[in-house]
Amino acid sequence: MAAAADGEAIEGPTNPMVTPLLTDLYQFTMAYAYWKAGKHQERAVFDLFFRRNPFGGEYTIFAGVEECIRLIANFKLTEEDISFLRSSLPGKCEDGFFDYLRGIDCSDVEVYSITEGSVVFPKVPLLRVEGPVAVSATMKYFPVVQLLETPFVNLVNYASLVATNAARHRFVAGKSKALLEFGLRRAQGPDGGISASKYCYLGGFDATSNVAAGKLFGIPLRGTHSHAFVSSYMSPDEIIDKALPYSDGSGICEDFVSLVRTWLHKIQLTDSLQNSFVETNQSELGAFISYALAFPNNFLALVDTYDVTRSGIPNFCAVALALSDLGYKAGGIRLDSGDLAYLSCEARKFFCAIEKEFRVPGFGKMTITASNDLNEETLDALNKQGHEVDAFGIGTYLVTCFAQAALGCVFKLVEINNQPRIKLSEDVSKVSIPCKKRCYRLYGREGYPLVDIMTGENESPPKAAERILCRHPFNESKRAYVVPQQVEELLKCYWPGDSGKKAVELPTLKETRERCIQQLSQMRPDHMRRLNPTPYKVSVSAKLYDFIHFLWLNEAPVGELH
Ligand SMILES: Nc1ncnc2c1ncn2[C@@H]1O[C@H](COP(=O)(O)OP(=O)(O)OP(=O)(O)O)[C@@H](O)[C@H]1O
Ligand SMILES: O=P(O)(O)OC[C@H]1O[C@H](OP(=O)(O)OP(=O)(O)O)[C@H](O)[C@@H]1O
Ligand SMILES: O=C(O)c1cccnc1
Ligand SMILES: [Mg+2]
């Protein structure tokens, strides 16, 4: 989708609420002040980065850049926007400012970005946004870049947070499990829901229940049914049309309900399954039969409405066996309450016993889906106990990022008119790294990334097999020589496209998801573990280190004690 071939127009943001006005008022008041001072002709460089990895982990998945590019590719204030601003800005702004706003677009802005879906680390710029290299007489620069702060940070923050959350759930669940995002009803509003579906898929989920996201992004859709569907039936007697054709069209079973009842009776009389149940719930049986008649090729059953082992599972098996008689293969069950480890093991035992007893190949491998307030911790607990779940449906904890509310991305000025700028703080972790920089990932002998390093723009890049000193940006004693096996430059030009054409080739969501999965698989395992992971090293070159500290001393006022 979003990908616009070189030269073609890029579509606007997925969410039509993402417009130049989706920003903080102060961006426009600053723009006016810059404009009045004639500062709007200056060239600025901003870095977008975060300071700490979320969820107590040591890695983050970068997401949201495609939507940033869609915004700048279509960045234009309408007449309506301008008259709204005229009435909303404090005081009376000169008319010339509104003429200026009318003329701005992002055609002279440059955006360099780490590839979406990459594993990223604190302090390294994810995006670098700059004004044009040449000062132009059209005077439309610095304020535009400033206006992008709020929407860019907004578009990257949640996207990266929820993609990271998804990746962490994937890490605990393991590669072989299906992960389904079920969060729409619990998401922070419609955009929260759509974004969650998009970025959970990017972070390694397999499918979503969100139909709109399926349509917008081509994400595979998956779903079962709810308790309401089960309890809406009183008994199988309610079913009027009981006929079901054989899957190969060779005939028709006129009374599928009776066939199911016959199977239920057989199961009841089977020695190996004896004592597991007496009489199953008829409301549930009616619902299951009705769902099977509607979707004989995709029969799924929520088995916990009344009693999983005494009713849900035997009812499901009776319907699945009847379907099997007609050449259909049932899809599986969903467990949505109780002890999911125990119940999944009981379900598996029952399915295996059925396979053996009635010689139905593959019945024992029936898919078991689990849901109900799942999160990283519960997935981890299930793994430790041992379980038979094949697919997890995860909603609330995933999409609301319950374990951490925000990533804390920031957008900081690092250079203006070729003058490096620094933001100081009592808290060293909040001091920004000045200068327009280049960023590299250095890989070691075993193929793992070893360290990210930032250098000044004009320094010669690190080279494979050449020793380079990597320094902690703020801690003098932390440094290491690295001889990289491979060097990857991280920031790539995303906007404008090659040879000045206003289009870039954006990867599809599926490609970005594949990049994310590949990047995660390349990380050294100790950075990835949940408990006390090893921090990944982020460094600066010796030259940049010296410069940061020179600038720091220059900008920090010297105190005087009396
Ligand atoms: N074996 C298990 N080990 C650890 N946590 C589990 C296990 N099985 C289920 N859980 C989790 O325990 C919690 C159970 O929640 P709760 O007590 O509200 O649900 P319930 O009583 O099973 O179901 P409901 O109230 O929906 O009928 C959920 O967060 C679930 O994911
Ligand atoms: O538990 P989550 O991770 O948020 O996943 C989605 C939940 O939404 C559905 O039911 P809902 O919670 O609406 O009702 P229920 O808990 O009463 O089944 C579903 O049955 C899951 O339990
Ligand atoms: O399809 C499902 O089973 C589903 C979808 C959304 C929320 N809970 C469950
Ligand atoms: Mg629930």
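Residue numbers count from 1 along this sequence.
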Between [X] and [Y], is any side-chain donor less than 3.5 angstrom from a side-chain acceptor?
X: Thr150; Y: Asp24; answer: yes
X: Arg334; Y: Ser371; answer: yes
X: Glu181; Y: Tyr201; answer: no

From [X] atom [atom1] to [Y] atom [atom2], the distance as rounded to the nearest 0.5 Å:
X: Arg515; Y: Thr512; atom1: CZ; atom2: OG1; answer: 9.0 Å
X: Leu379; Y: Leu374; atom1: CG; atom2: CG; answer: 5.5 Å
X: Glu58; Y: His527; atom1: CD; atom2: NE2; answer: 9.0 Å
X: Gln146; Y: Met30; atom1: CD; atom2: CE; answer: 4.0 Å
X: Phe392; Y: Lys177; atom1: CZ; atom2: NZ; answer: 6.5 Å
X: Ile453; Y: Leu490; atom1: CD1; atom2: CG; answer: 11.0 Å

I need the single residue from Asp304, Asp373, Thr305 that forms a side-chain hydrogen bond (donor to acceptor under 3.5 Å, both in side chains) with Ser337. Which is it? Asp304

Would you check if the side chain of [X] reaches a backbone N or O of [Y] as a donor-acceptor pair within less than 3.5 Å?
X: Thr115; Y: Ser118; result: no
X: Arg170; Y: Gly204; result: yes
X: Gln404; Y: Phe55; result: yes
X: Arg524; Y: Tyr536; result: no
X: Glu415; Y: Pro434; result: no
X: His225; Y: Leu302; result: yes

Is [X] salt-bridged to [Y], going by a charged N under 4.0 Å from an acidic O?
X: Glu376; Y: Arg168; value: yes
X: Glu457; Y: Arg128; value: no
X: Asp390; Y: Arg348; value: yes
X: Arg70; Y: Glu66; value: yes
X: Arg421; Y: Asp47; value: no
X: Glu489; Y: Arg438; value: yes

List in chain and number order the residues that pass ring pair (Phe, Tyr, Trp, His ring centres under 6.0 Å) with Phe402, two or more places apart in sequence or in another chain; answer none if no residue qualifies. Tyr397

Which class fits the ring pair Phe474 and Trp552: parallel under 30°, tilted 30 to 60°, perpendicular over 60°? perpendicular

Please collect all ring pair (Phe, Tyr, Trp, His ring centres under 6.0 Å) contacts where either partner lies in residues 148-167, sequence neighbours excluded, each pair once. none

Mark yes when over 12 heavy atoms from residues, nucleotides or ligands other than Arg529 sit less than 6.0 Å from its CZ; otherwise mark no. yes

Tell me if the aromatic rings of Phe351 and Phe316 count as close, with their centers under 6.0 Å from one another. yes

Steps toward side chain to side chain contact (heavy atoms under 4.5 Å, CB included) verdict (Cys409, Leu48): CA-CA 7 Å; Cys409 280; Leu48 190 153; 4.0 Å; yes

